[in-house]
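Here the structure comes first, spelled out in structure tokens, and everything after it is commentary.
Letters A, B, ... are given to chains in the order of the sequence lines, protein chains preceding strands, and every chain is numbered from 1.
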Number of protein chains: 2
Amino acid sequence: MNLKKVMLVALLLSIVTLPAFSEEGMIPLSELDKLDLKSKGLKINPEELYNPNGISLVNGIINLSGCTASFVSGEGLILTNYHCAFRAVQGATTRDKDYMKEGFSAVDRKQELRAKGYTVRVIESYEDVSSKVLKVVKKGMSFEQRTKAVKKQIKKIILKVEKKNPGKRADIAEMFIGKTYVLFIYKYIRDVRLVYSPPRSVGEYGGEEDNWMWPRHTGDFAFLRAYVASDGSFAEYSPENVPYIPSKYLKINPEGVNEEDFVFILGYPGRTYRHRTSSFIAYEENIRMPYTVQLYGKMISMLEKLSLTNRETAIKLSPFIKGLWNTKKNYMGKLKGLRSLKIADTRKALENKLQDFIDSNPELKKKYGDVLKELNVLYRDMEKSFNYEYFLRYLRRNSRLLQNAYTIYEASIERKKKDPDREKAYMDRNFERTKLRLFIGLRNYVETADKVLLKDFLKKLETFKSGKREKINVVFKDPGNKKSGVNDFVDTIYKRSDLSKKEYVEKLFKMSRKELEVLDDPFIRMAKQLYPYFRELKKIDDERKGKLDTLLARLIEVKKMFMGKDFIPDANGTFRLTYGFVRGYSPADGTYSKPFTTLSGIIEKNQNKDPFHVPSKLIDLYTRKQYGNYKHSSLNDVPVGMLYNLDTTGGNSGSPVLDANGKLIGLNFDRVYEATINDYEWDEKYSRSIGVDIRFILWFVENYGEADHLIKEMMN
Amino acid sequence: MNLKKVMLVALLLSIVTLPAFSEEGMIPLSELDKLDLKSKGLKINPEELYNPNGISLVNGIINLSGCTASFVSGEGLILTNYHCAFRAVQGATTRDKDYMKEGFSAVDRKQELRAKGYTVRVIESYEDVSSKVLKVVKKGMSFEQRTKAVKKQIKKIILKVEKKNPGKRADIAEMFIGKTYVLFIYKYIRDVRLVYSPPRSVGEYGGEEDNWMWPRHTGDFAFLRAYVASDGSFAEYSPENVPYIPSKYLKINPEGVNEEDFVFILGYPGRTYRHRTSSFIAYEENIRMPYTVQLYGKMISMLEKLSLTNRETAIKLSPFIKGLWNTKKNYMGKLKGLRSLKIADTRKALENKLQDFIDSNPELKKKYGDVLKELNVLYRDMEKSFNYEYFLRYLRRNSRLLQNAYTIYEASIERKKKDPDREKAYMDRNFERTKLRLFIGLRNYVETADKVLLKDFLKKLETFKSGKREKINVVFKDPGNKKSGVNDFVDTIYKRSDLSKKEYVEKLFKMSRKELEVLDDPFIRMAKQLYPYFRELKKIDDERKGKLDTLLARLIEVKKMFMGKDFIPDANGTFRLTYGFVRGYSPADGTYSKPFTTLSGIIEKNQNKDPFHVPSKLIDLYTRKQYGNYKHSSLNDVPVGMLYNLDTTGGNSGSPVLDANGKLIGLNFDRVYEATINDYEWDEKYSRSIGVDIRFILWFVENYGEADHLIKEMMN
């Protein structure tokens with residue numbers, strides 16, 4: 001076969017093997033003009049949706065500390081998920097005012113509460129900088145050198161851009177791994193305040209039981225507001241700041257949508273892995289995810305046990321436990337999907353065809369012949385050192401005091417370097433925020449939990465001391481008692497350190513490496529002992545990334561030839577559009593998930609206890625059935641949850657769901673269990689995302705919250 | 001208010017409070033002529049369905065050892081559920097031939113295998129004998145005396161009838177408790193043989209996980225055949241017997257039915273409690289069911305632990321564990337329903353209205369004023385002694401050797417009495433079967449399991465020795481070692497008894513009470529020690545039944561006045577009809593259960609391990625997609641499970657589902673989880689029963705079983 005023939009066959013193959021539905025894809029800004037959304041159902045001019053030379057809907061969508069959100073009024077009012085605003089609600093809660101339990105409603109601007117640590121990013125521009133980034137890659141570089149050079153170059157570009165654009169934030173995103181890089185410039189708002197939140201029992205209704213599930217009845221929404229200095233500059237929090245006036249805000253359609261209506265989502269999806277190889281899938285399916293499910297399960301049971309004894313402990317640990325559960329259940333869903341859909345096998349079969357295609361042409365064979373094999377070697381190698389590396393990463397993460405000590409110790413080293421040479425967290429542009437995050441983290445510090453987890457990890461450490469492949473030679477000993485075991489050691493060091501106290505941590509952040517090393521703090525001592533191991537890990541990661549970058553870049557090149565077409569890059573936390581239809585689905589033979597749930601369904605699930613505890617006021621309102629204009633006519637009820645076949649992932653939380661006219665009709669917050677596998681493979685059959693219907697939000701705010709002023713502000 | 005006005009109000013109330021759907025009701029034969037089934041959708045003459053003066057469909061329906069079944073050929077071929085035929089499959093299995101695993105198919109009559117212990121009952125006639133039964137009730141009798149007198153009278157009538165009708169079987173059923181009694185005369189076939197069974201992996205597909213659930217994909221069907229002596233008499237098994245020629249057999253409609261088609265079921269539903277009071281519901285909801293769920297859970301985990309170690313043990317214990325799971329899950333479903341639907345509250349509210357009705361009329365108040373109160377006292381009293389009584393009942397049941405010993409010991413006492421004075425099991429007409437059941441039971445005897453359960457119960461026994469309310473003074477001691485505890489004692493007695501051996505048991509059955517009492521068998525000794533406690537329990541039961549009978553009889557009387565209409569009696573194991581439609585339902589807001597599942601759904605659930613292990617031959621057949629005439633056109637697949645809003649309960653297992661023309665289109669075998677509550681309250685919203693579609697049965701028998709001769713026999 002000559003190359004032309006091969007290409008033709010490949011093209012035909014691709015028609016068969018690629019999803020037949022056009023709704024797949026988290027489409028980046030640069031590709032939007034290639035879409036024909038009008039033919040799909042969009043009723044506005046595509047330029048109203050996206051216009052690189054003017055103001056469009058895109059300007060109304062923001063990145064809120066990792067979630068998506070949107071401006072919904074001309075005065076900086078922000079609508080996002082309750083779970084995205086939760087840290088703000090928790091942070092505002094005091095002994096006297098339990099905003100988590102009661103919800104929060106600011107009657108006027110003055111009552112709005114500082115949402116510490118929250119930032120808002122609004123896209124200003126983007127630009128392909130692949131050649132600028134990759135020009136530092138030289139022949140003969142080791143993989144580690146390559147990674148370091150690229151990282152440093154990215155930092156340099158960012159610093160240069162931010163210098164030119166004071167107050168703005170720059171970021172370079174890797175679109176196709178090792179291949180294409182896009183520079184984004186963002187407006188960067190640092191004063192964000194809490195405006196309205198439902199009670200946690202509504203905002204988290206169904207808790208872990210309903211998480212990643214349909215039918216869903218969670219009122220997962222909250223309002224915040226962006227503030228800037230009176231001169232319009234993006235200042236840190238100050239009582240004198242004024243509401244930010246966005247160049248664009250989304251209009252609400254209080255009438256919502258119906259089954260089979262066209263809808264789209266704009267937002268910041270986190271990560272997908274659809275371009276990864278079967279060897280990666282196998283690593284995830286057989287090694288990393290099952291291990292994580294097991295580890296998190298163990299951690300959850302340890303933490304839940306502690307939560308039983310004390311209410312305050314329970315409240316402080318709940319976000320941590322919630323996070324563990326969230327990942328655990330997501331992975332369980334993914335594993336179920338990977339196994340039942342045999343995704344690794346299907347991908348392997350496709351790769352075999354790709355390999356045949358490569359091998360059939362000597363030129364291609366020379367250039368790409370080893371790519372799939374090398375990727376396989378890489379993942380098999382990762383499997384071999386998995387236990388040890390995984391353990392090290394978690395050891396640092398899971399004890400907050402050890403983590404604080406390590407950050408302090410690492411800072412004392414990194415901060416001495418030139419800015420672009422530092423690890424990201426210690427660069428000038430990030431360091432204050434790194435410290436702030438650490439202090440916010442202390443809010444939920446629970447000593448008993450920290451100790452339990454550290455003990456568990458230090459016991460595990462022992463198993464690596466005699467390891468054949470990986471060795472760790474650190475011995476953590478109680479200086480006063482040489483015979484003591486892990487339990488005694490941990491009990492002692494928690495007594496001897498003040499690392500949970502803000503003032504002490506601040507003091508330590510000011511110390512030099514030398515000063516820290518002579519300080520008698522047991523956690524700083526541990527950080528020093530572990531430092532070489534973490535440096536070693538960093539080296540391994542850089543090497544691996546260097547290898548992966550070159551291999552994946554080559555893979556994409558040859559895959560494009562094989563498929564005879566361009567692809568959409570995997571999600572990477574950058575701005576994307578996804579579109580489709582409000583639609584139910586059949587999660588299993590003999591069953592059907594309807595596209596809407598209702599207020600009656602909230603009441604139906606009520607158990608008068610967590611996670612199904614409906615506030616009595618809501619029951620009263622339901623009993624009166626005053627639904628006004630928020631009633632869905634054929635359901636004869638207020639719609640609460642909605643399903644649509646859009647392509648979303650984590651990071652899309654809080655994304656506005658927009659109708660054919662570009663009006664906001666819902667708030668994305670989750671996916672169904674079958675769609676957790678989305679991150680590896682999208683399919684119209686099972687890929688459904690979940691939103692809160694705008695009709696529920698408005699009905700709730702108006703009737704339960706009695707916050708008519710908010711409705712007025714949005715409808716203005 | 002005068003009585004007339006009160007009645008009118010009551011009538012209006014009843015319209016509101018009674019289910020608005022006419023599909024409720026397990027209608028007894030005596031009420032069938034009052035139905036207008038033609039208007040519901042029946043297309044045949046109702047006389048073809050039921051005709052007391054001639055042959056009708058009713059004559060084709062049989063009671064198969066507690067299940068329902070039907071004749072499906074002129075040569076005694078019987079169609080019923082796999083789970084109803086399971087004991088026959090297990091009994092036929094040998095070391096060489098694992099019919100459980102492989103399934104069974106008799107190529108000709110000679111290969112059909114004896115289904116030991118199975119009997120067939122075919123209704124011949126029925127007659128109201130209430131006055132004959134109740135005439136022995138005299139004023140001044142104690143409640144215990146009343147119960148004994150009624151029981152004895154029932155036995156006398158039965159014996160008299162059976163004497164007049166040799167070879168037939170008579171039974172008297174209590175229709176309204178304490179009030180109406182109906183005598184049934186049955187043909188009684190005692191030679192039943194196994195003809196065809198799918199592999200267990202098909203017949204029990206989904207196992208406990210899918211039990212009481214939809215979507216369902218269980219191929220829960222099997223074929224047997226009834227045999228009689230060549231002179232037509234109902235003889236015990238003999239190789240010379242010939243197939244029974246039924247007066248009626250059901251015709252098959254291989255085309256099945258569609259959504260919303262009219263269907264009906266004839267069969268033998270076990271027990272419902274819709275006429276019971278809120279005080280009974282409260283007892284069930286708060287005491288008996290939660291306790292049973294907990295106890296069975298504990299037993300299951302003990303037995304499953306034993307099953308892990310040994311395959312043979314696992315096979316033997318599996319029917320026992322399955323039974324425990326079946327009840328446990330049913331009760332969990334019931335408890336969920338009772339709690340969420342607040343059935344006790346609703347019923348209590350209705351009773352309050354009834355009490356108002358009674359109290360508003362001095363005559364009624366005098367006659368019925370105390371009924372509800374007394375019933376409440378009765379159940380509260382049962383609650384108080386619940387733990388002790390429950391324990392005693394299970395102590396006897398859960399060790400097979402103790403149970404055998406007790407049966408032998410009790411027989412030696414009862415068999416000395418006159419026939420109608422004996423406990424039922426020891427009457428001449430039942431005794432051989434009592435012994436046979438005991439011997440069949442030994443088939444699944446596992447000593448380790450017996451010991452574990454007995455130890456657990458004897459430990460519990462200790463707690464009753466110091467009980468305030470209930471005392472038990474039996475001390476079980478190891479005669480050789482006075483200091484030994486329960487564990488040693490149990491270990492010793494299992495070593496010292498041969499009660500698991502058929503010959504030994506047979507020998508003991510021939511002994512007198514005296515001979516048994518001097519015999520050195522530790523279990524017989526235990527039986528003797530426990531005998532007074534079980535007699536005491538029997539006395540309590542009789543007293544309670546006497547009280548309940550009179551109270552419930554009075555309740556029904558006054559309820560009829562209150563409601564101004566007659567009711568259908570609760571299910572009681574007698575023949576009933578129920579009708580309705582093939583219909584999906586919404587088990588929860590946002591979800592819908594479709595009325596059919598498919599062959600593709602079987603494959604979708606396959607996990608290549610129990611309980612979802614699809615035989616490879618079935619996968620091959622599916623892949624070839626040769627569905628022939630058995631394909632449902634709009635599903636484009638072979639239908640497997642079906643849902644309908646008919647009113648069924650346990651005992652309806654194996655019932656034929658019939659179409660508007662009275663042809664068999666499915667086989668009933670379960671209910672959905674929400675409908676476990678059916679036994680207390682039926683509702684069109686959630687009451688759905690589950691059947692196997694005839695199209696799957698025929699497709700499977702033809703393609704997997706390659707048993708065309710069976711298809712031919714049915715279609716003849």
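A 6.0 Å sphere centred on NZ of K305(B) holds no more than 12 heavy atoms belonging to other residues, nucleotides or ligands. Heavy-atom neighbours of E255(A) CD from other residues, nucleotides or ligands within 6.0 Å: at or below the threshold of 12. Within 6.0 Å of CG in N629(A) there are 12 or fewer heavy atoms belonging to other residues, nucleotides or ligands. For NZ of K617(A), the number of neighbouring non-hydrogen atoms (other residues, nucleotides, ligands) closer than 6.0 Å is greater than 12. By the neighbour-count criterion of 12 heavy atoms within 6.0 Å, atom NZ of K336(A) is sparsely surrounded, having that number or fewer from other residues, nucleotides or ligands.
With chain B as partner, the option from K605(A), H217(A), Q607(A), R216(A) having the largest number of non-hydrogen pairs under 4.5 angstrom is H217(A).
Applying a 4.5 Å heavy-atom cutoff, the residues of residues 590-599 of chain B that approach chain A are G590(B), T591(B), Y592(B), S593(B), K594(B), F596(B), T597(B), T598(B).
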